[in-house]
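So the structure is just underneath, and the comments pick up after that.
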Amino acid sequence: GQPDTTCHAFVGETVILPCTTTSPGELILSNSKLYWQIDSVLVHFFHNGQDSLKFQDKHYHGRTSLFLDQMKHGNFSLKLSNVQFLDAAVYTCIYKQTGDHPNQTQKSKIKLILHDNFLFFNVSGHSQTSFRSPADAPCLAMLPLSFHLLVTLGVWHL
């Protein structure tokens, strides 16, 4: 099916792929499983109240994290740092509640589209980000600070 959300990012950025649950009240994380995956590739796995990255695909090693302080409130968004062209894909966020509660599974799909930095800068160094529409607002992307400084100081040359 179609993705629920589409995110845009530049190579080298950190991007936050949004995923939230609609469950009322605080979640019991020790009774929760959270999978982030691309088809059968495991991007990030959380269960029994903690990250479980033993079977994480090596391409994502050290580049993924969750917002642990916000998870009990239903924020399962994935922070992916130093994004690469190979990261462009449709990600599936799967949340399962286990234990005494009735088994409940929620899924959402997030499409990540990557752009090459150099295609979106004109000669004067001004960013051409008009392709980001308001519909993409939930996806937060952050450029490394050093890149911003280069642009701000006007030492960015093509």
Side-chain angles (χ1 to χ4, degrees), residues 1-117 120 127 129 131-149 151:
Q2 290 294 312
D4 300 302
T5 307
T6 300
C7 295
H8 294 269
F10 290 114
V11 172
E13 280 185 324
T14 294
V15 68
I16 296 168
L17 303 177
C19 181
T20 53
T21 182
T22 53
S23 298
E26 282 200 6
L27 301 169
I28 302 166
L29 295 181
S30 58
N31 290 344
S32 302
K33 287 184 180 181
L34 176 66
Y35 302 83
W36 273 94
Q37 56 194 58
I38 302 167
D39 297 323
S40 62
V41 173
L42 186 63
V43 176
H44 200 100
F45 180 49
F46 177 95
H47 79 119
N48 294 336
Q50 60 188 19
D51 288 328
S52 179
L53 303 179
K54 183 177 179 183
F55 299 107
Q56 180 184 42
D57 187 271
K58 65 181 188 295
H59 176 68
Y60 294 95
H61 182 73
R63 297 194 301 125
T64 61
S65 62
L66 302 169
F67 296 89
L68 299 176
D69 56 330
Q70 297 173 32
M71 287 181 67
K72 66 180 181 232
H73 303 297
N75 181 357
F76 300 137
S77 301
L78 181 76
K79 185 171 164 182
L80 178 60
S81 59
N82 190 22
V83 291
Q84 307 298 317
F85 275 121
L86 288 173
D87 297 335
V90 175
Y91 291 76
T92 305
C93 170
I94 304 167
Y95 169 71
K96 291 184 180 181
Q97 196 164 337
T98 58
D100 302 334
H101 301 282
N103 275 351
Q104 157 187 348
T105 301
Q106 295 185 18
K107 258 188 189 185
S108 64
K109 289 184 178 289
I110 300 93
K111 183 176 186 176
L112 178 60
I113 298 173
L114 288 184
H115 302 277
D116 191 325
N117 297 341
F120 292 95
S127 173
T129 54
F131 68 90
R132 289 180 195 243
S133 72
D136 299 325
C139 312
L140 302 175
M142 299 164 276
L143 279 172
L145 180 62
S146 58
F147 183 77
H148 276 302
L149 286 174
V151 175

Rounded at 0.5 Å granularity, tell me how far CG in Leu114 sits from CD in Glu13.
8.5 Å
Hey, are Asn48 and Gln50 close enough side-chain-wise for a donor-acceptor pair under 3.5 Å?
no
Above 12 or not: heavy atoms from other molecules or residues under 6.0 Å from CG of Asp69?
yes
Check whether any side-chain N or O of Gln97 sits under 3.5 Å from a backbone N or O of Tyr95 as a donor-acceptor pair, and report yes or no.
no
What I want to check is whether the side chains of Thr92 and Tyr35 have a donor and an acceptor closer together than 3.5 Å.
no
Can you confirm whether more than 12 heavy atoms, excluding those of Phe55, are under 6.0 Å from its CZ atom?
no
What orientation do His8 and His115 show, parallel under 30°, tilted 30 to 60°, or perpendicular over 60°?
parallel
Report the C-alpha separation of Val41 and His59 in whole Å, then their side-chain angles, then the decisive distance to 0.1 Å, and conclude whether the side-chain contact (heavy atoms from CB on, under 4.5 Å) test is met.
CA-CA 10 Å; Val41 173; His59 176 68; over 6 Å; no
Tested for side chain to side chain contact (heavy atoms under 4.5 Å, CB included) against Leu112, the lone hit among Thr5, Leu80, Val90 is Leu80
Answer whether the closest heavy-atom distance between the side chains of Leu78 and Ile16 falls below 4.5 Å.
no
Please check this pair: side chain of Gln37 against backbone of Val43, looking for a donor-acceptor N/O pair closer than 3.5 Å.
no
Taking the side chain from Asn75 and the backbone from Ser77, do they hold a donor-acceptor pair closer than 3.5 Å?
yes
Distance in Å, Ile38 CD1 paired with Lys109 NZ, rounded so as to fall on 0.5 Å steps:
10.5 Å
Give a yes or no answer on whether the side chain of Ser52 reaches the backbone of Phe46 with a donor-acceptor pair at less than 3.5 Å.
no
Of all the heavy-atom pairs spanning Pro18 and Trp36, show the shortest one and how long it is.
O-CH2, 4.2 Å
The side chain to side chain contact (heavy atoms under 4.5 Å, CB included) partner of Phe76 among Met71, Gln70, His44 is Met71
Any heavy-atom pair between the side chains of Lys79 and Phe67 that's under 4.5 Å?
yes
To the nearest 0.5 Å, what is the distance between CG on Leu29 and CG on Leu34?
9.5 Å
Spatial distance of atom CG (Leu42) from atom NZ (Lys54) [nearest 0.5 Å]
13.0 Å
Find the distance between NZ (Lys96) and OG (Ser32) and round it off to the nearest 0.5 Å.
12.5 Å
Find the distance between NE2 (His47) and OG (Ser30) and round it off to the nearest 0.5 Å.
12.0 Å
Answer whether the closest heavy-atom distance between the side chains of Cys7 and Tyr91 falls below 4.5 Å.
no
